[in-house]
Asks: 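Got a structure here, written out as C-alpha cells. Questions coming.
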4 protein chains.
Amino acid sequence: MENTNTMRGLNKVTLIGNLGKDPEIQQLEGNIAVAKFSLATTEQFKDKNGQSKTETEWHTIVLWRNLAELAHKYLTKGSLVFIEGKLKTRSYDDKEGNKKYITEIVADQLIMLDKQSNVQVDE
Amino acid sequence: MENTNTMRGLNKVTLIGNLGKDPEIQQLEGNIAVAKFSLATTEQFKDKNGQSKTETEWHTIVLWRNLAELAHKYLTKGSLVFIEGKLKTRSYDDKEGNKKYITEIVADQLIMLDKQSNVQVDE
Amino acid sequence: MENTNTMRGLNKVTLIGNLGKDPEIQQLEGNIAVAKFSLATTEQFKDKNGQSKTETEWHTIVLWRNLAELAHKYLTKGSLVFIEGKLKTRSYDDKEGNKKYITEIVADQLIMLDKQSNVQVDE
Amino acid sequence: MENTNTMRGLNKVTLIGNLGKDPEIQQLEGNIAVAKFSLATTEQFKDKNGQSKTETEWHTIVLWRNLAELAHKYLTKGSLVFIEGKLKTRSYDDKEGNKKYITEIVADQLIMLDKQSNVQVDE
DNA sequence: TTTT
DNA sequence: TTTT
C-alpha cells in the first residue's frame, strides 16, 4: 500500500446485442481457451424527415478461459447477450503484407439474455 | 406508440484518460463542427512475477457540434477527461488503395476532470 | 458557450433484472404520466465455504412520460428489463409523521429483454 | 461448469463527484476495514424558463478492505472521485425504534481524480 | 501521442 | 456536507 498507484484510467464497453454467428473457440498452449464472435448492436432512430431508421454496428468480442468455454457451450448465432469489457486495438499483417489494425472488445462479464440460455459469469 | 420498436441494442463506451495531442477541429458544410483527438487510457497491473506493469490503450474520439467546440476551446494535449459514447467502425481507402477499417468512439458526453478546465456538457 | 458550465458530476445506474409486480401508472396534472415498479437484480456467488448463494436486491424504478407509458403498456410482473437512470433520494413523512428517505432510480433508458416484449426507448 | 447459473442480474452504479466530508473508517472484527463517506454529484441544467440551475444529489459510499484503507489514506473533504459499485439497501432501527431503510453504494472501483491524490484501485 |  |  505504501507504493501508490498513479493511474487514472477507465476503459469500459457495455453492449447488448445478438451474435452474428456461432462463437469460434480455440485452445491455446497451456490449455487456455479463447473464443471469438461478432455481435450486432442495433439502434433505431428517426432521420431528419421523421422516418424511422435502423443502424447496426458490428463488434468483435474476445473471451478468455471460463468465459470462452461458456460462450462455446451456451451461445449460438442469434443469441442475445449483455457484454462488459475493455477496448483493445492490435495490429497484424494481412496476407498481402499490409499492416492492419483491429479493435476488439475483451469481455470480462457476460450475461445471457435469452430464456433458453440464461447464464451469467464474471471473469 | 402503436408501432412497436423491436430494437434491443446497447452500444456504450466509458473512458477516463488523457489526450495525446490537442484536438483537431474541422467545420463541415452546413457549419457543423467535428473534432477529433486520441485518448490514452492507462491501466496498471501486476504480471505473473508480481511486477507492476503499465498498459496503455489509445482510442480515437470523435465529437460533433457543441461537444466539438468545447473540446476545441478547453481541451489540450494532456487534459484528463471522462468520455461516454458509442463505438462506430467505418472503412476508408488509404493512399495505396487498401481498404482500411477504423473504430472510433463518437462521444455524447464529455466531463473535463482537470482543475483548470472543468466543463461538462451533454450532446 | 461563453458562459462555461463548471459541473463535473456523473450519476448513473445500470440494472438488468425482473419486475416484482406490474407497473403502477398515474397521470399527474398537465397530463404527465409517471410509472413505478420494483425491480429485482439477482447475483449469484460462492460463500467462504464454497457454497453457491443467491442475493437479491430490490430497486424502485420511476419512469416519466413516454417511458411510463411504455412500461405500462408492455411490462408486467416478471418482465426482464435493462434500465439506465439516475439515483435520486427524496424524503417524505409517513402516516405516523416520521421522516423517511427513499432512494429511487429515475430511468432515462429502458430496454425490454423478453422475447415477447422487445421495445427500447430513450427519454 | 455443468451446473448452469441462471442469474441474469446487473446492479451497477457509476458516479463522479466530491466528498462532503473526510471518510470515516472503522476496523471490524477480523481486522477488516470499512470506510464511509458521502459523495455529492452535481448536475447543471436549464429550467423551463431557460435559467441555469444546479441540482445536487448525495450518495452514501461504503468501501471495504483495501479500498477503505485507500479512501482513508488519500481522500479528504472535497476530493473528486470516480466510483463504481453496487446498490444495496439495508434496514435498521433508529433510536426511537422506527424501522429505517438506507440505500448505499458499495464501491468496487475507485479512481481519484484530483491532481494531488491520483490513485486507482480495484477491489 | 498522454498522464503519474 | 462537496465542487466550480
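In what follows, every chain begins at residue 1, and chains take the letters A, B, ... in the order their sequences are listed. The model shown is predicted, which means the values in this text are computed figures rather than measured ones.
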Asks: Tell me the interatomic distance from C/Leu10, atom CG, to F/dT3, atom C1', rounded to whole angstroms.
Replies: 15 Å
Asks: Can you name the side-chain contact (heavy atoms from CB on, under 4.5 Å) partners of D/Lys77, sequence neighbours left out?
Replies: D/Asp22
Asks: In whole Å, I'd like the distance from the NZ atom of D/Lys77 to the C1' atom of F/dT3.
Replies: 12 Å
Asks: Figure out the CG/P separation between D/Leu113 and F/dT2, and round it to whole Å.
Replies: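 Taking CG of D/Leu113 and P of F/dT2, I get 19 Å after rounding.
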Asks: Please report the distance, rounded to the nearest Å, between CG in B/Leu39 and C1' in E/dT3.
Replies: 10 Å
Asks: Kindly say whether, by distance alone, the side chain of B/Thr56 makes a donor-acceptor pair under 3.5 Å with the base of E/dT3?
Replies: no
Asks: Does any donor atom in the side chain of B/Thr89 or B/Thr103 lie under 3.5 Å from an acceptor atom in the other side chain?
Replies: yes
Asks: Could you state the atom-to-atom distance from NZ of D/Lys36 to P of F/dT2 in whole Å?
Replies: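 From D/Lys36 NZ to F/dT2 P: 20 Å.
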Asks: Taking NZ, NE, NH1 and NH2 as the nitrogens, is one of them in A/Lys12 or B/Glu84 under 4.0 Å from a carboxylate oxygen of the other?
Replies: no
Asks: Between F/dT1, F/dT3, E/dT2, which one does the side chain of B/Thr42 approach most closely?
Replies: E/dT2
Asks: Starting from P on F/dT3, measure out to CG on D/Asp114 and report it in whole angstrom.
Replies: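 Rounded to whole Å, this separation is 10 Å.
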Asks: B/Lys86: which residues meet the salt bridge (Lys or Arg N to Asp or Glu O under 4.0 Å) condition with it, sequence neighbours left out?
Replies: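 Once residues adjacent in sequence are excluded, the partners of B/Lys86 under the salt bridge (Lys or Arg N to Asp or Glu O under 4.0 Å) criterion are A/Glu43.
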Asks: Output the rounded distance in Å from CZ (D/Phe82) to P (E/dT3).
Replies: 21 Å
Asks: Nearest to the B/Lys21 side chain among F/dT2, E/dT2, E/dT1, which nucleotide is it?
Replies: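 Within the option list, the nearest is E/dT1.
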Asks: If you check the D/Asn18 side chain, which of E/dT1, E/dT2, F/dT2 turns out closest?
Replies: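 Closest nucleotide among those given: F/dT2.
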Asks: Once you round it to whole Å, what is the distance between P of E/dT4 and NZ of B/Lys53?
Replies: 23 Å
